[in-house]
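Okay, so here's the structure we're looking at.
Keep in mind that what you see is a predicted model, and the values were worked out from it rather than measured.
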Amino acid sequence: MKTDSWKQLISAFDTEAGAVSLMGEFAGGHRDAFDKVVSVLAHTPRIGASGCGHTGIACRHFAHLMCCIERPARFIPPSEAVHGAAGFLQKGDAMLLASRGGKTSELIPILNICKRRNVTVIGFTENPDSVLAKDADIFLPLKITKEVDKYNTQGTTSFVVMCAVFDAIQAALIEETDFHTDTFSIVHPGGAVGERLGKEKSLGKRGLV
């Protein structure tokens, strides 16, 4: 590996760590928006999420996180949403639309569908002047420093920060809904986590924990 390549590698860790820290500080100044999002997600019957590229992958992560704490959710690909998949969403549900610039053309038709169906739209974007931010029912602000590559073009830091925000929202929802690991052990019996939770539940029944 070239020396400059190694420097870029180490710099990537610093860039992303700094960006996540900055997002935490930024969120502290926008508590009202986060309060609204957590309140809606804690009570809405179903949750949709959509985005393109790296953002779409982050939205898949978000939908999975919601399902893990029994908040029924589904990632809806933009291309599928405008071909019938938006029918998943009914009056009273919530839809999270994520776009760093807030102008992703594939998301605007979904926004319009949600408005017509009385679905609460959460616009997650860095651009407060975008259509997504202005037309959403709740504007969830995002703050990104720079991507890790030297050209500042790849969706790297932005992906990490989006996932960190989604992780934080899930952590808040666990508290907000009084979700407990006894429930999680039922829906997540697989893997090392499922094995640990199963053992803890078994020991608890025997009065050992």
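Side-chain contact, Thr153 with Asp149: a donor N or O sits under 3.5 Å from an acceptor N or O.
Side-chain contact between Phe62 and Asp167: absent, with no pair of heavy atoms (C-beta onward) separated by less than 4.5 Å. Proximity of Val148 to Ser11: side-chain heavy atoms (C-beta onward) are nowhere separated by under 4.5 Å. Counting heavy atoms from C-beta on, the side chains of Arg71 and Leu41 never come closer than 4.5 Å. Side-chain contact between Cys68 and His64: present, with at least one pair of heavy atoms (C-beta onward) separated by less than 4.5 Å. Within the 4.5 Å cutoff, no side-chain heavy atoms of Leu97 are placed close to those of Ile122. Two residues are said to be in side-chain contact when any heavy atoms from C-beta on lie closer than 4.5 Å; Thr120 and Thr44 fail this criterion. By the 4.5 Å heavy-atom criterion applied to side chains, Ser39 and Asp35 are not counted as neighbours.
Panel note: side chain Arg117, backbone Leu89; a donor-acceptor pair is recorded below 3.5 Å. No donor-acceptor pair under 3.5 Å is formed between the side chain of Thr125 and the backbone N or O of Ala133. For Glu106 (side chain) and Pro78 (main-chain N/O), no donor-acceptor pair under 3.5 Å exists by modelled atom type. In this structure, the side chain of Asn127 engages the main chain of Gly101 through a donor-acceptor pair within 3.5 Å.
Hydrophobic clustering (side-chain heavy atoms under 4.5 Å, transitive across Ile, Leu, Val, Met, Phe, Trp, Tyr) keeps Ile110 apart from Leu96. Val119 and Val38 are assigned to two separate hydrophobic clusters, defined by single-linkage of ILVMFWY side chains at heavy-atom distances under 4.5 Å. Linking ILVMFWY side-chain heavy atoms closer than 4.5 Å, directly or via other members, places Met95 and Ile108 in a single hydrophobic cluster. Clustering ILVMFWY residues whenever any of their side-chain heavy atoms sit less than 4.5 angstrom apart, transitively, puts Val40 in the very cluster that holds Val165.
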Table please: side-chain donor-acceptor pairs of residues 135-144 below 3.5 Å, with sequence neighbours left out.
unit_1	atom_1	unit_2	atom_2	d
Asp137	OD1	Lys115	NZ	3.2
Asp137	OD2	Val121	N	2.8

Contacts under 3.5 angstrom, residues 46-60 side chains, donor-acceptor by atom type, not counting sequence neighbours:
unit_1	atom_1	unit_2	atom_2	d
Arg46	NE	Asp93	OD2	3.2
Arg46	NH1	Phe88	O	3.3
Arg46	NH2	Phe88	O	3.3
Arg46	NH2	Asp93	OD2	3.2
Ser50	OG	Ile76	O	2.7

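Atom-to-atom distance recorded for Ile69:CD1 and Glu176:CD is 10.5 Å, nearest 0.5 angstrom. If you take CZ on Arg74 and CD on Glu80, they are separated by 8.5 Å, rounding to the nearest 0.5 Å. For the atom pair CE of Met66 and CZ of Phe166, the computed distance is 9.0 Å after rounding to the nearest 0.5 Å. Atom NE2 of His61 sits about 4.5 Å away from atom SG of Cys163, to the nearest 0.5 Å. Here Gln154 contributes atom CD and Glu147 contributes atom CD; the two are 8.0 Å apart, rounded to the nearest 0.5 Å. Phe124 contributes atom CZ, which lies 10.5 Å from atom CG of Leu132 (distance to the nearest 0.5 angstrom).
Not counting sequence neighbours, the partners of Glu25 by the side chain to side chain contact (heavy atoms under 4.5 Å, CB included) test are Ser21, Leu22. His43 is linked by a ring-ring contact (aromatic ring centres under 6.0 Å, His included) to nothing, counting only residues two or more places apart in sequence or in another chain. In this structure Phe75 satisfies the ring-ring contact (aromatic ring centres under 6.0 Å, His included) test with no other residue, sequence neighbours excluded.
Closest heavy-atom contact between Leu107 and Ala98: CD1-O, 3.3 Å. For the pair Gly102 and Ser130, the tightest heavy-atom approach, listed with the atom from each and the gap, is O-CB, 3.3 Å.
Under a 4.5 Å side-chain heavy-atom criterion applied to ILVMFWY residues, the cluster that includes Met1 comprises Trp6, Leu9, Ile10, Phe13 as well.
Checked for salt-bridge contact, Lys146 and Glu16 miss the test: no charged N lies under 4.0 Å from a carboxylate O.
Aromatic rings of His30 and Phe34 (six-membered ring for Trp) have centroids beyond the 6.0 Å cut-off, not under it.
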